[in-house]
Engineer: 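If you scroll down you'll find the structure; I have some questions about it.
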Amino acid sequence: MSTEYIIPQHVAIIMDGNGRWAKRRGLPRTMGHAQGAKVVEQILEDADHMGVRYLTVYAFSTENWSRPDNEVKALMNLLRTYMKTSLVKCAKNNVCIRVIGERSMLDPDLQESITHLENETRNNTGIHFQIAINYGGRDEIARAARKAAMKAFDAAQAAGELSRSYFAQVLDECMSIEGLNAQLDTAGLPDPDLLIRTCGEERISNFLLWQIAYSELYFTDAAWPDFTKQELEKAIEAYNHRDRKYGGLKEEKA
Ligand code: IPE
Ligand code: IPE
Ligand code: MG
């Protein structure tokens with residue numbers, strides 16, 4: 001086995017435990033989210049300095065709407081603030097931002113600041129930072145399938161061929177693994193190498209279901225607001241002890 005230390009190209013994080021962190025301190029859950037938001041900014045910088053090229057964080061799931069109104073509002077306000085205040089920092093640190101998830105359900109002003117931030121940072125060549133908002137893996141795959149099917153229909157119509165057999169042929173291309181991949185919110189990004197979940201829970205909770213097919217999973221007891229550069233280093237250290245085989249056989253060096 002090679003002894004070279006590898007920094008994963010793409011790290012994804014399920015930032016969990018804000019509520020428990022706050023509760024332990026006798027604080028409202030929303031204070032945990034506020035602290036968690038600060039940690040995201042720090043970890044983005046740390047990951048960048050360590051050489052991670054893509055960082056994707058789970059900020060709000062399609063299921064998180066079921067939380068009490070005041071908590072949903074507080075989370076949306078934190079996201080609002082982030083979109084507005086991070087422009088200068090992103091320019092300085094050369095960060096390219098992409099929001100993944102179904103954004104049409106977000107308030108129009110939030111949608112606008114997301115689009116603005118994405119457009120302003122589009123050509124930045126530093127770390128690629130993906131924020132998952134109103135994101136669900138199943139929702140993303142369903143939307144991608146719909147887009148791919150529409151594309152197939154358009155292609156068949158353009159060719160003036162609406163026969164079942166011709167349509168099946170176009171579908172083979174549009175709805176192949178590559179075809180569907182191209183319609184995902186993460187189109188063009190490499191799959192995560194390492195997926196981290198904080199605060200002791202060992203589940204995926206509808207995050208990046210398609211993309212984590214061969215990601216290495218790492219779970220830590222640290223709550224997200226307590227997550228530090230050292231925690232990230234520990235996760236990457238653990239990653240370096242994994243043997244990624246992708247269904248093949250381990251490479252034996254002579
Ligand atoms: C993660 O922390 C943040 C979001 C899900 C938005 P939680 O709010 O889930 O914290 P716990 O799991 O209740 O402690
Ligand atoms: C996953 O955490 C969603 C985010 C981190 C945004 P949850 O706290 O919502 O997940 P469950 O409910 O524990 O599975
Ligand atoms: Mg949670």
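Both ligands and their constituent atoms are indexed starting at 1 by order of listing.
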Engineer: Less than 4.5 Å apart, side chain to side chain, heavy atoms only: is that true for T121 and N94?
Structural biologist: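 No, too far: nothing below the 4.5 Å cut-off.
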Engineer: Can you tell me how far apart CD (Q230) and CG (D46) are? Round to the nearest 0.5 Å.
Structural biologist: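 If I round to the nearest 0.5 Å, the distance is 8.0 Å.
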Engineer: So W21 and D226, side chain to side chain donor-acceptor pair (under 3.5 Å) or not? Walk me through it.
Structural biologist: CA-CA 8 Å; W21 180 91; D226 287 330; 3.0 Å; yes
Engineer: Going by the atom numbers of ligand 1, which of them fall below 4.0 Å from some non-hydrogen atom of H33?
Structural biologist: 3 (C), 8 (O)
Engineer: Taking only heavy atoms of R67, which atoms of ligand 2 are found under 4.0 Å from at least one of them?
Structural biologist: 7 (P), 8 (O), 9 (O)
Engineer: Do V99 and T115 have side-chain heavy atoms sitting under 4.5 Å apart?
Structural biologist: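 With C-beta onward as the side chain, the pair stays apart.
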Engineer: Check R24 against ligand 1 and report side chain, backbone, both or neither, counting heavy atoms closer than 4.0 Å.
Structural biologist: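 None of R24 does.
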Engineer: Check whether any N or O atom of S61, backbone or side chain, sits under 3.5 Å from an N or O atom of ligand 2, and answer yes or no.
Structural biologist: no
Engineer: With heavy-atom distances below 4.0 Å as the criterion, list the atoms of ligand 2 near D16.
Structural biologist: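 Counting from 1, the qualifying ligand atoms are 2 (O), 8 (O).
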Engineer: Between the side chains of D191 and W210, does any donor sit under 3.5 Å from an acceptor?
Structural biologist: no
Engineer: Which is closest to atom 2 (O) of ligand 2 by heavy-atom distance: E201, E63, R197?
Structural biologist: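 Heavy atom nearest to atom 2 (O) of ligand 2 belongs to R197.
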Engineer: Rounded to the nearest 0.5 Å, what separation is found between the CD atom of Q183 and the CE atom of M150?
Structural biologist: 11.5 Å
Engineer: Could you tell me whether the side chain of L232 reaches within less than 4.5 Å of the side chain of M50, counting heavy atoms only?
Structural biologist: yes
Engineer: Quick one: name the protein N/O/S atoms under 2.8 Å from the Mg ion (ligand 3), chain by chain.
Structural biologist: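 Atoms qualifying: D16 OD1.
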Engineer: Between NZ of K234 and OG1 of T220, what distance do you get to the nearest 0.5 Å?
Structural biologist: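 If I round to the nearest 0.5 Å, the distance is 5.5 Å.
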Engineer: Under 4.0 Å from a heavy atom of R20: which atoms of ligand 1 are those, numbered in the order shown and with their elements?
Structural biologist: 11 (P), 12 (O), 14 (O)
Engineer: Is the number of heavy atoms from other residues, nucleotides or ligands under 6.0 Å of R25 CZ greater than 12?
Structural biologist: yes
Engineer: Which residue supplies the protein heavy atom nearest to atom 14 (O) of ligand 2, what is that atom called, and how far is it?
Structural biologist: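 For atom 14 (O) of ligand 2, the nearest protein heavy atom is S205 OG, 2.6 Å.
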Engineer: Can you tell me which portion of A132 lies within the under-4.0 Å heavy-atom range of ligand 2? Options are side chain, backbone, both, or neither.
Structural biologist: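 Looking at A132 and ligand 2, no heavy atom falls under 4.0 Å.
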Engineer: Using a 4.0 Å cutoff against the non-hydrogen atoms of A59, which atoms of ligand 1 qualify?
Structural biologist: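 This gives 6 (C) as the contact atoms.
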Engineer: Has C199 got any heavy atom lying under 4.0 angstrom from an atom of ligand 1?
Structural biologist: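 Contact check C199 vs ligand 1: negative.
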Engineer: Pairing donors with acceptors under 3.5 angstrom, does anything connect the side chains of Y246 and R244?
Structural biologist: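 Y246 vs R244: donor-acceptor pair found between side chains.
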Engineer: What protein heavy atom sits nearest atom 13 (O) of ligand 2, and how far off is it?
Structural biologist: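 Looking at atom 13 (O) of ligand 2, the protein heavy atom closest to it is R203 NH2, 2.8 Å.
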Engineer: What I want to check is whether the side chains of R98 and Y54 have a donor and an acceptor closer together than 3.5 Å.
Structural biologist: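 No donor-acceptor contact under 3.5 Å links the two side chains.
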Engineer: Of all the atoms in ligand 2, which lie at a distance below 4.0 Å from a heavy atom belonging to F60?
Structural biologist: 6 (C)
Engineer: Decide salt bridge (Lys or Arg N to Asp or Glu O under 4.0 Å) for R20 and E201; before the verdict, give the C-alpha distance in whole Å, the side-chain angles of both, and the deciding distance to 0.1 Å.
Structural biologist: CA-CA 12 Å; R20 277 164 283 174; E201 247 50 82; 2.8 Å; yes
Engineer: Is there a donor-acceptor contact under 3.5 Å linking the side chains of H10 and Q211?
Structural biologist: no
Engineer: Checking a contact table here: which protein heavy atom is nearest atom 10 (O) of ligand 1, and how many Å away?
Structural biologist: G19 N, 2.9 Å
Engineer: Consider only side-chain N and O atoms of N206 and E63, and report whether a donor and an acceptor are under 3.5 Å apart.
Structural biologist: yes
Engineer: Considering only non-hydrogen protein atoms, determine which one is nearest to atom 5 (C) of ligand 2 and report residue, atom name and distance to 0.1 Å.
Structural biologist: M15 O, 3.4 Å
Engineer: For ligand 1, which is the ligand I care about here, please tell me if W21 has any N or O atom under 3.5 Å from one of the ligand's N or O atoms.
Structural biologist: no
Engineer: Taking distance alone, with no angle check, do N64 and ligand 1 share an N/O pair under 3.5 Å?
Structural biologist: no
